[in-house]
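Encoded as structure tokens, the structure appears first; notes follow it.
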Amino acid sequence: MTTPPPPASPDDEPVRALQAASDLLKALASPVRVGIVRELSQGGKYVHELVDSLGVSQPLVSQHLRVLRTSRIVTANRQAREIQYALTDDHVAHIVLDAIRHAQE
């Protein structure tokens, strides 16, 4: 039987924030996922729209969307037979768009 972790102390907060930031950056550590976030910064999109704009296969887009959903960066809303994907909030879009701009300087 495993013992539960000790209760979190206020001193753990900076460590947790750093870990959360690191997890976010890991979730974005793929050119396809950065491209998906860039596309979704313009509004919700369906998988076929992401496939067309990114020029990659549907299974690859779906695989990367799963990572982004698991990381709570992207949400999915079923509309009839399709699912529309959107960013959970604009914060990640700002990070990605700033990173793209910085890389182009």
Rounded to the nearest 0.5 Å, how far does [atom2] of [Y] lie from [atom1] of [X]?
X     : Y     : atom1 : atom2 : answer
Arg33 : Lys26 : CZ    : NZ    : 12.0 Å
Arg16 : Asp23 : CZ    : CG    : 13.0 Å
Ile95 : Leu24 : CD1   : CG    : 5.0 Å
Gln84 : Gln79 : CD    : CD    : 4.5 Å

Connected via hydrophobic side-chain network under 4.5 Å: [X] and [Y]:
X     : Y     : result
Leu60 : Val47 : yes
Val51 : Val67 : no
Val56 : Leu68 : yes

Review point. Does a side-chain heavy-atom distance below 4.5 Å link Leu40 with Ile73?
Key: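 Not touching, per the 4.5 Å side-chain cut-off.
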**Study point:** Leu54 side chain reached by Ile36 side chain, heavy atoms, under 4.5 Å
**Key:** yes
Review point. Is there a donor-acceptor pair closer than 3.5 Å between any side-chain N or O of Thr70 and the backbone N or O of Arg66?
Key: yes
Study note, to complete from the structure: side chain to side chain contact (heavy atoms under 4.5 Å, CB included) with Val37: of Leu97, Ile100, Val92, only one passes, and it is Val92
Point to revise | Test side chain to side chain contact (heavy atoms under 4.5 Å, CB included) applied to His91 and Thr88, Asp89, Leu87, the passing residue | key: Asp89
Practice item. Go through the steps for Arg38 and Val34 under the test side-chain contact (heavy atoms from CB on, under 4.5 Å), then give the verdict. Key: CA-CA 6 Å; Arg38 183 194 63 200; Val34 168; 5.5 Å; no
Exercise for review: List for me each residue that meets side chain to side chain contact (heavy atoms under 4.5 Å, CB included) alongside Ala86, sequence neighbours excluded, and say none if there are none.
Suggested key: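 Checked Ala86 against side chain to side chain contact (heavy atoms under 4.5 Å, CB included); matches are Thr75.
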Check your understanding: Can Glu49 and Ser53 be counted as having a side-chain donor-acceptor contact under 3.5 angstrom?
Key -> no
